[in-house]
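First comes the structure, then the notes that go with it.
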Amino acid sequence: MEDPSASDLPTADQLLIPEGVRYNCQGCGRCCSGWSVGLTHADYSRVKDVDWGSLHPDLKDRQLFINREKEFDEGKSRYPHFTYPRADGTCPFLIEGLCFIHGTFDEATKPGTCQLFPYSYVDTPEGVYLGVTYNSMASVRNIGELLTDQREKLYGYYLKTRDHLSVRKSEEGPSGGVPDAAVVASAPDAAGPFDTVTIAAGCVVPWSEFVHLDNHLVEYISAAEQESKPFIPTLIGAEEIIFEARRMVSRKESLEGIKNFQPKVEMSANSEASGTSESTIAMVYYLYLIYPTIRARYQDLWLDKRKAFANPKLLFQLGKLISEYFAAAVNAVVFKNANIPGLAKVNINKALDYKIVKLSPEINQFFSRWLRLKIFSKTYFGPAASGYPMVTGFNSLVAYFICAMLLVKGEALKRGSKEIQLYDLYEAFWRLDKEFLTMNQLVPQVTAGMSVAYSMPKVFRSLLEVLSKNMTD
Ligand code: SF4
């Protein structure tokens, strides 16, 4: 397929921007750690011949990039080059909290992924839905100018995103690649993304029908956000709206009528967590919050896998890594003990049952804004999320919320406090969104396993009810 002509491009007016969402980079530098940033050939050509060591002593005699051209040509690497992070996981170009490439040259010299982070753009028949990921402290805290006031600039980034994906695609050959970790967008020449939407297995509707459901969900969550309503009933209500849509489709009714459906959510005071939901959430907690911290400690291994089998030190590390993964997984999934270095050592069952005071209006608003943004930006299902059907993607959001609650309740438990703190939530969401972003990059077996777990209707309902029951006046 050929790239659409310029006249086919969505215009700036067709950029659909979420209301009340703010973002401008605050230069905190947190986005620049924990990644090995991928560079296209074009990105690399802008920085490869610079004598970085002569420009800053921190860059002297330091390996700055990793060459993955061979793996890239064999289709085993997403990019031909990567940045080589420092031992603490920060980007080597992050100096005194700022990007040295940007400061020395300009924004356009940075790797494309860095230029476009943390925005997501999803092309649909309605227009281009904009989102921001929460793997940035400024976005998670909703700091900066309103996105609605930055239309022209954000449209410029959208065009850059298309260019970046086109460059990647041309470098990767005709087969193309999956969306980038940081730039989640449908490829410019993708065939009719979202012409149809899979609500659940066997329940597929055209976009024109789906949009009624989508609008109603966003309006329902917005109303709860404005009134600072308790979040858990809001989350369950949103799920009920999706289930009602499924029922309407099976009755062959138009989804236009979904706007009249107001879910009645009754929370049981006697709920008990089901074994299936406890084990599933423990697995998700391990994958999203524990596994990445173990992976980060063995980055030499990840950065130079090719050498691992020829290097006794790396081979030893590989053995240690595998045993740590295994021990941590068993501890979390079987014994429900989850340890995140530097953060709470959480017993998942204890955290779940720990009684806290009801969430403050500010925290309820924080959760509702997050959910509204995820639903609006369409990054939780479909092309940006491993091709998940909508119900599956929604369950992954519920799992995300529960993991965040378990983490921050664990922190409250550690402090002996009955209140969860917003700053703990910022940290939890920052970590969770990073893993959420890379969902497309998990090994296929894991993606398939998670897809099966998340496709179970109401899989986490009992956990939500227990979390709610354990909030007191
Ligand atoms: S290249 Fe610059 S913007 Fe990109 S991760 Fe490194 S320091 Fe951050």
Side-chain angles (χ1 to χ4, degrees), residues 23-68 72 77-121 132-141 143-144 150 153-154 156-157 160-161 163-165 167-168 171 179-185 292 295-296 299-300 302-303 430-431 433-438 441:
Y23 178 76
N24 286 117
C25 173
Q26 305 293 309
C28 72
R30 282 210 64 186
C31 314
C32 303
S33 72
W35 308 95
S36 182
V37 177
L39 289 89
T40 60
H41 286 302
D43 288 334
Y44 187 61
S45 67
R46 294 195 295 273
V47 291
K48 72 180 168 57
D49 296 325
V50 177
D51 181 2
W52 294 105
S54 70
L55 295 176
H56 198 286
D58 276 10
L59 301 174
K60 201 169 167 53
D61 301 326
R62 175 187 286 281
Q63 182 175 354
L64 301 172
F65 302 104
I66 311 163
N67 186 326
R68 284 276 180 277
F72 181 73
S77 172
R78 299 166 58 79
Y79 285 93
H81 301 274
F82 289 84
T83 53
Y84 195 102
R86 301 185 183 105
D88 65 358
T90 54
C91 175
F93 294 106
L94 184 69
I95 295 178
E96 291 165 20
L98 295 172
C99 175
F100 190 73
I101 304 179
H102 189 151
T104 308
F105 296 97
D106 54 15
E107 184 183 353
T109 308
K110 290 195 294 193
T113 298
C114 302
Q115 294 177 39
L116 302 165
F117 192 83
Y119 302 107
S120 64
Y121 295 92
V132 284
T133 75
Y134 271 17
N135 187 228
S136 151
M137 272 298 158
S139 55
V140 80
R141 296 176 63 193
I143 294 176
Q150 304 183 60
K153 184 180 95 178
L154 295 169
Y157 284 156
K160 270 193 183 183
T161 302
D163 286 349
H164 179 72
L165 291 174
V167 168
R168 281 196 50 191
E171 289 184 359
D180 197 284
V183 186
V184 187
R295 186 184 58 202
Q299 59 173 310
D300 279 0
W302 289 114
L303 297 177
W430 183 85
R431 286 171 183 252
D433 229 46
K434 174 178 245 158
E435 298 310 308
F436 206 75
L437 273 174
T438 52
Q441 297 173 16

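Read the numbers this way: they start at 1 and go in the same order the structure lists the ligands and their atoms.
For atom 2 (Fe) of ligand 1, the set of protein N/O/S atoms nearer than 2.8 Å consists of C99 SG, ordered by chain and number.
Classification of the Y44-F65 ring pair by plane angle, with boundaries at 30° and 60°, yields perpendicular.
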Legend entry - V50/T109 under side chain to side chain contact (heavy atoms under 4.5 Å, CB included): CA gap, chis, key distance, verdict: CA-CA 11 Å; V50 177; T109 308; over 6 Å; no

Legend entry - Stepwise ring-ring contact (aromatic ring centres under 6.0 Å, His included) test for Y119 and Y23: CA-CA 10 Å; Y119 302 107; Y23 178 76; 5.7 Å; yes

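Here the side chain of R68 pairs no donor or acceptor atom with the backbone of G38 at under 3.5 angstrom. In this structure, D433 contributes its side chain and T133 its backbone to no donor-acceptor pair below 3.5 Å.
In terms of heavy-atom proximity, A108 sits nearest to Q115 at O-NE2, 3.2 Å.
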